[in-house]
Each structure stands twice: as C-alpha cells, then as structure tokens.
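Heads up: the structure comes next, in structure tokens.
Atom set for the values below is all heavy atoms of this structure, side chains included, hydrogens, waters and symmetry mates excluded.
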Amino acid sequence: MDQNPEIRLEDAGPGSRTIIDATGAVLGGLTLTGERLEFRVEPWARRRGAATAAVREFSRTALAGGLDRIELLIPWDAPAAQRVALAAGYTREGVRRGDPELLVYSRLAGDPEEPALRLLPDLPGGELSDGVVTLRPLGEQDIDFYTELHNVPDVIATSVPPEPKQAGEIHRRCSRAEAHWLAGNRADLVIVETATGARAGEIDLYYQEPPTGQAMIGYSMLPAYRKRGFTSRAAQLLALWVFAETGITRLIAGTLPTNLGSQRVLESAGFTREAYLRSRLPGPAGTRLDDVQFVLLAEDLLAQASGRGADSHA
C-alpha cells in the first residue's frame, strides 16, 4: 500500500480482510457489513500506521468498486480509532444516539483520500509552556481535579449556566475532551504550575464560528493560584498557539460586569473591551445577566510584544 508498503491485505472471506505485515504476522483485520466498516489491530502492533494504511486502502477499493458510502462507528473514549478515521480521509458527521453513544465517521466515493482537515491541531510536543505555567489537554485522569475546581462557589457562580456540575457531566467533559478536540469544536486544557506540576486551573477554547474565524475562551482557577498572573499567562500562551496554528483570527471572552478580576486578567493578556451585551447570559432562577465582551486579534499580540500596547494599531 502506498502509505505503508510493509502492510498488505489478504482476503478473509466476504467483506473481510486480514492485515499482514512484511514478516507474515497477522496485525488485525477489517470487516465491511453493508456500509459499516469495523477494524481492529492487535495491541502489540499499534502505533505503526497499520490501521490507517489498511482502512485507507480497504476504503479506496470498496468505493472504487461501486459502494457510495462507508461509515465507522467509534466510541467517544476511543481517540486512537478516531485519529485513524481522520487520517484515512473520513469525516466526523454526527453522533449516533443510544447506549452507548457512538461517533459517526463517513467517507463517500467522491471524497479525497488525503487525511481529513483538522481545525484544531495537536499541541507541539503535547503541551504549551512559558516556564511558569504549562497547558496540557484535559483528560479522564483529571476528573478529581475538575470536580474540585467546579465546586468552588465563585466558579459555579460564573459558569454558564451558573449551577453545579453533576458527576456524570464532569466525567463526560473529561473523558470526551480529546474527541471534541479532534472534531475541532473545543479544546479543553489544564493550567499547570510548571515548577511543581500542580493543577491550578483550566482554560478552554470554544471554536464557535469556523466560517468567520471566531472562537471564545473561558477559564477558571483554584483560589490558591489566583493573583499570581497564571491565568493571563495561560490566555497568552493559548492565543499565540491559536493565531499561529489555526484559522482563528478573533478570540473573544466575556465576563460579568461585576467580575473586575476577570476583566483585569483579560486586559493583562492583551484583550480589549469591545462590547456590553445586555441579558446575554442565563442567570440563576431564570434570570438573565449582562456580559462584558473582550476581543483579541493577532495584531494585538504583535503590538503588545513590540511594546506598543493592545490599544495601538499603527
């Protein structure tokens, strides 16, 4: 196969193929039932590109043979399989409801064979750091931390909506974070104190409007790590990566009018106050809350780095 010449497929019966390497070892297999493709690779043979090469080649042959569509159904908590689907040219198109919920990836006869475009690439080396704070992706290992953070009263009060998160919601947020990142709609990160490795807070990127190039950030910190500049550093780190590696051109963030601390964080990170949105957010007991919106553009960061400040646009 063109992407991995050491891998070949052998007939294993109607709709099935066995994945074989150059030594003749069986690495796994594929089965097509109707339009639904399933694949497996033995644990010892993973991370060699075998699954991607096999799925790509099998799909090419099946679609060239007259099939109009092939789909993969992948669990939320199987990011390795989701990466295979994307690398093999499949597009995530939705969620198949049920127990369990499954992500639907599909490839049509007219689709290109190249890897699917990812709106949010992986972080270089898996993290971002300025030597004081480090940002790394949120994961299932962070459930206890996330539970602690989202039980802080003022974190609850500034959440949208302003109510405690239930255990199931917290588990889903952490266990599905990589799937959302791969889908390109959200990047959830943990803010870590670099010197100690302690988890200090979170910062999240919501890619709301790919057609307009606008995304939003939100953040929360444990009380013990506030007023140390960590949140502003995290916002700057995230913004630098966003403007350099994605198609996002506008970053926005909102705060309650009374949340002066959060407004100072954004100003310190280079954001500029842009709008006052009345009744923008859901409040407690069916009320509505105003939102002060801030914005950051790539040129704002450049101005800040050159010492001209975020308000100078010479």
Side-chain angles (χ1 to χ4, degrees), residues 1-123 126 137 139-140 172 175-186:
M1 285 177 279
D2 57 349
Q3 299 296 320
N4 194 332
E6 295 185 355
I7 303 299
R8 70 180 190 276
L9 302 181
E10 290 190 354
D11 194 349
S16 297
R17 299 291 186 274
T18 300
I19 308 171
I20 308 291
D21 71 7
T23 70
V26 175
L27 307 184
L30 306 98
T31 301
L32 181 66
T33 304
E35 297 178 344
R36 188 170 303 167
L37 177 63
E38 297 180 356
F39 66 90
R40 62 175 180 80
V41 174
E42 300 296 337
W44 59 267
R46 294 171 185 170
R47 300 186 181 277
R48 294 169 51 181
T52 298
V55 171
R56 181 187 291 113
E57 178 64 20
F58 186 92
S59 303
R60 175 193 297 130
T61 302
L63 293 170
L67 200 62
D68 294 325
R69 168 191 170 91
I70 303 176
E71 69 177 24
L72 296 164
L73 299 180
I74 304 175
W76 278 97
D77 60 354
Q82 295 164 37
R83 288 177 180 275
V84 167
L86 291 168
Y90 281 71
T91 298
R92 176 172 153 172
E93 63 177 32
V95 177
R96 184 178 182 271
R97 297 186 301 159
D99 188 14
E101 282 189 346
L102 296 170
L103 302 178
V104 182
Y105 284 80
S106 67
R107 186 167 149 187
L108 306 182
D111 288 347
E113 296 180 0
E114 291 76 17
L117 175 66
R118 285 186 54 189
L119 298 178
L120 298 175
D122 294 329
L123 301 181
E140 198 163 0
R172 287 191 296 274
S175 64
R176 297 181 177 186
E178 187 171 356
H180 282 294
W181 194 313
L182 291 170
N185 54 50
R186 194 172 77 214

Considering all heavy atoms of both residues, which atom of [X] and which atom of [Y] are nearest to each other, and what is their separation?
X   : Y   : result
Q82 : P75 : NE2-O, 3.0 Å
E42 : V26 : CG-O, 4.1 Å
G29 : I19 : N-CD1, 3.8 Å

For [X], give me all partners under side-chain contact (heavy atoms from CB on, under 4.5 Å), at least two apart in sequence or on another chain.
X    : value
D21  : I7, T23, A25, L27, R48
A183 : R92, N185
E38  : none
L73  : R36, E71, R96, L102, V104

Salt bridge (charged side-chain N to carboxylate O under 4.0 Å, His left out) partners for E101, two or more places apart =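 For E101 the salt bridge (charged side-chain N to carboxylate O under 4.0 Å, His left out) partners, ignoring immediate neighbours, are R176.
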Considering residues at least two apart in sequence or located in another chain, which fulfil the salt bridge (charged side-chain N to carboxylate O under 4.0 Å, His left out) criterion with D99?
->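 Checked D99 against salt bridge (charged side-chain N to carboxylate O under 4.0 Å, His left out); zero matches.
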Checking side-chain contact (heavy atoms from CB on, under 4.5 Å) against Y105, which of I74, I70, V84 comes through?
->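 Per the side-chain contact (heavy atoms from CB on, under 4.5 Å) rule, the option paired with Y105 is I74, out of I74, I70, V84.
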Test L67 against L32 for side chain to side chain contact (heavy atoms under 4.5 Å, CB included), laying out the working first.
-> CA-CA 11 Å; L67 200 62; L32 181 66; 3.8 Å; yes
So, taking the atom named [atom1] in [X] and the one named [atom2] in [Y], what distance separates them when rounded to the nearest 0.5 Å?
X    : Y    : atom1 : atom2 : result
L108 : L63  : CG    : CG    : 8.0 Å
L103 : L72  : CG    : CG    : 11.0 Å
R186 : L119 : CZ    : CG    : 15.0 Å

Got a sec, which residues hit side-chain hydrogen bond (donor to acceptor under 3.5 Å, both in side chains) with R83, two or more places apart in sequence or on another chain?
->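 Applying side-chain hydrogen bond (donor to acceptor under 3.5 Å, both in side chains) to R83 gives D122, E178.
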Report the residues that fulfil side-chain hydrogen bond (donor to acceptor under 3.5 Å, both in side chains) with E93, sequence neighbours left out, ordered by chain and then residue number.
->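 side-chain hydrogen bond (donor to acceptor under 3.5 Å, both in side chains) list for E93, sorted by chain: R69, S106.
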Given the rule in the side chain to side chain contact (heavy atoms under 4.5 Å, CB included) test, do R56 and R107 qualify, once you have shown the distances and angles that lead to the verdict?
-> CA-CA 10 Å; R56 181 187 291 113; R107 186 167 149 187; 4.2 Å; yes
Decide yes or no on side chain to side chain contact (heavy atoms under 4.5 Å, CB included) for L30 and L37, but give the supporting numbers first.
-> CA-CA 7 Å; L30 306 98; L37 177 63; 4.1 Å; yes
Do L86 and P115 have side chains that get closer than 4.5 Å, going by heavy atoms?
->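 No, their side chains stay 4.5 Å or more apart.
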Give every residue pair that meets the ring pair (Phe, Tyr, Trp, His ring centres under 6.0 Å) criterion with at least one member in residues 14-43, sequence neighbours excluded.
->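 Every candidate ring pair (Phe, Tyr, Trp, His ring centres under 6.0 Å) pair involving residues 14-43 fails, so no pair, neighbours aside, qualifies.
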With sequence neighbours excluded, give me every ring pair (Phe, Tyr, Trp, His ring centres under 6.0 Å) pair touching residues 64-100.
->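 Counting only pairs at least two positions apart or across chains, the ring pair (Phe, Tyr, Trp, His ring centres under 6.0 Å) contacts touching residues 64-100 are W76-H180.
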Below 4.0 angstrom, N of the basic side chain to O of the carboxylate: do E10 and R17 qualify?
->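 Looking at E10 and R17, the cut-off is not met.
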Tell me the side-chain hydrogen bond (donor to acceptor under 3.5 Å, both in side chains) pairs involving residues 26-35, sequence neighbours left out?
->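 Those involving residues 26-35 are S16-T31.
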Do any N or O atoms from the side chain of R8 and from the backbone of A22 form a donor-acceptor pair under 3.5 angstrom?
->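 Side chain of R8 to backbone of A22: no pair is present.
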